[in-house]
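Here the structure comes first, spelled out in structure tokens, and everything after it is commentary.
All figures in this text were calculated on a predicted structure; none of them were measured in a lab.
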Amino acid sequence: MSVDVMTRPAVLILLGPPGAGKGTQARLLQDRFGLVQLSTGDLLRAAVAAGTAAGKQAKAVMDAGGLVSDEIVIAILSDRMRDEDCRNGVILDGFPRTTVQAEALDGLLASTGQRINAAISLEVDDSAMVERISGRSTCAGCGEGYHDTFKPPQDGNRCVKCGSTELTRRADDRAETVASRLEAYHAQTAPLIAYYEAAGVLRSINAMAQIDKVSGDMTEVVETILN
């Protein structure tokens with residue numbers, strides 16, 4: 001006897017540029033609803049470490065300096081979604097990135113009687129995002145995080161937690177690098193926004209609000225979907 005699609009594990013997609021808070025919000029949803037956050041990088045590393053058939057294929061490609069194909073990623077995702085901890089549903093973070101991948105994902109889900117329940121887009125203001133990310137620094141002594149505007153260190157360069165004066169910045173947090181990454185994201189993701197809007201599953205969240213506000217909005221969306 002067939003099982004109604006609504007009884008199948010939920011599948012949520014998080015869309016948003018680097019720094020929009022996808023990881024933070026995914027973890028909060030994971031804790032609240034028992035969903036499992038799945039990111040492409042983590043999936044690949046786990047599959048390679050486990051030595052699965054798809055993991056071995058991915059390792060061979062990566063060892064040769066190539067890009068892992070969509071087919072291999074889909075195979076790894078398919079394997080992972082069958083694990084017991086995914087029975088309540090999953091949050092896909094960083095996949096799909098293109099409409100070709102979105103179509104492949106739809107095919108995978110159709111084969112198991114599932115579907116995309118929602119593609120949640122974390123909307124940001126690019127200029128504000130550049131300031132938010134490029135102003136970040138980290139204490140080399142204890143790992144405490146700082147921001148030039150929102151959480152400056154003591155006396156300009158001293159960690160209030162351990163007293164170290166050695167603060168570091170990630171190379172990819174430079175303003176020009178952040179702007180370039182945002183531009184690439186919008187160019188790559190714009191078709192996905194249209195794709196999921198046409199499918200009737202797109203939900204948009206203002207990610208420039210405070211974390212608690214964003215979390216509340218996300219929770220409201222997910223509760224509506226799951227109920």
Is the shortest side-chain heavy-atom distance between [X] and [Y] below 4.5 Å?
{"X": "Arg32", "Y": "Thr219", "answer": "yes"}
{"X": "Val61", "Y": "Ile72", "answer": "yes"}
{"X": "Ile91", "Y": "Leu14", "answer": "yes"}
{"X": "Val90", "Y": "Leu12", "answer": "no"}
{"X": "Val11", "Y": "Met81", "answer": "yes"}
{"X": "Arg97", "Y": "Thr189", "answer": "no"}
{"X": "Pro153", "Y": "Leu167", "answer": "yes"}

If I compare all heavy atoms of Arg181 with all of Pro18, which pair ends up nearest, and what's the gap? NH2-CB, 3.0 Å

Give a yes or no on whether Val222 and Leu28 share a hydrophobic cluster (residues Ile, Leu, Val, Met, Phe, Trp, Tyr; joining criterion: side-chain heavy atoms under 4.5 Å apart). no

According to salt bridge (Lys or Arg N to Asp or Glu O under 4.0 Å), does anything in residues 137-146 pair up with another residue at least two apart or in another chain? List the pairs. Glu144-Lys151, Glu144-Lys161

Can Asp148 and Arg169 be counted as an ion pair, charged N to O under 4.0 angstrom?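 A salt bridge is present here (some side-chain N lies under 4.0 Å from a carboxylate O).
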
Side-chain donor/acceptor pairs under 3.5 Å, residues 44-55, sequence neighbours excluded:
unit_1: Arg45; atom_1: NH2; unit_2: Asp42; atom_2: OD1; d: 2.6
unit_1: Thr52; atom_1: OG1; unit_2: Gly55; atom_2: N; d: 2.9

For Leu67, the rest of its hydrophobic cluster, which grows through side-chain links under 4.5 angstrom: none

Does atom CD of Glu183 have more than 12 heavy-atom neighbours from other groups under 6.0 Å away?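 It does not: Glu183 CD has 12 such atoms or fewer within range.
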
Crowding at CD, Glu223 (>12 non-hydrogen neighbours, <6.0 Å): yes

In chain order, what residues pass the ring-ring contact (aromatic ring centres under 6.0 Å, His included) check against His186, with sequence neighbours excluded?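 Not a single residue meets the ring-ring contact (aromatic ring centres under 6.0 Å, His included) criterion with His186.
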
For residues 142-181, which residue pairs pass the ring pair (Phe, Tyr, Trp, His ring centres under 6.0 Å) check, not counting sequence neighbours? His147-Phe150

With a 3.5 Å cut-off and sequence neighbours excluded, list the donor-acceptor pairs that the side chains of residues 171-179 form with protein atoms.
unit_1: Asp172; atom_1: OD1; unit_2: Arg170; atom_2: NE; d: 3.1
unit_1: Asp172; atom_1: OD1; unit_2: Arg170; atom_2: NH2; d: 3.3
unit_1: Asp172; atom_1: OD2; unit_2: Arg170; atom_2: NH2; d: 2.9
unit_1: Asp173; atom_1: OD1; unit_2: Arg136; atom_2: NH2; d: 3.0
unit_1: Asp173; atom_1: OD2; unit_2: Arg136; atom_2: NE; d: 3.4
unit_1: Asp173; atom_1: OD2; unit_2: Arg136; atom_2: NH2; d: 3.4
unit_1: Arg174; atom_1: NE; unit_2: Glu176; atom_2: OE2; d: 3.4
unit_1: Arg174; atom_1: NH1; unit_2: Ala171; atom_2: O; d: 3.4

Walk me through it: do Ser121 and Glu123 pass the test side chain to side chain donor-acceptor pair (under 3.5 Å)? CA-CA 6 Å; Ser121 177; Glu123 303 291 330; 2.6 Å; yes

Donor-acceptor contacts, no H, no angles, side chain residues 198-216, under 3.5 Å, sequence neighbours left out:
unit_1: Asn206; atom_1: OD1; unit_2: Met208; atom_2: N; d: 3.0
unit_1: Lys213; atom_1: NZ; unit_2: Asp217; atom_2: OD1; d: 3.2

Among residues at least two apart in sequence or on other chains, which ones pass side-chain hydrogen bond (donor to acceptor under 3.5 Å, both in side chains) with Thr168? none

Qualifying residues under side-chain hydrogen bond (donor to acceptor under 3.5 Å, both in side chains), relative to Thr112, sequence neighbours excluded: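 With neighbours one apart ignored, the set is Gln114.
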
Across all chains, not counting sequence neighbours, the side chain to side chain contact (heavy atoms under 4.5 Å, CB included) partners of Ala102 are Pro96, Leu192, Tyr195, Tyr196

Set of side chain to side chain contact (heavy atoms under 4.5 Å, CB included) partners for Asp85, sequence neighbours left out: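 Side chain to side chain contact (heavy atoms under 4.5 Å, CB included) list for Asp85, sorted by chain: Val36, Arg80, Asp83.
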
Test of understanding: with salt bridge (Lys or Arg N to Asp or Glu O under 4.0 Å), list the residues that count as partners of Asp70, not counting sequence neighbours. none

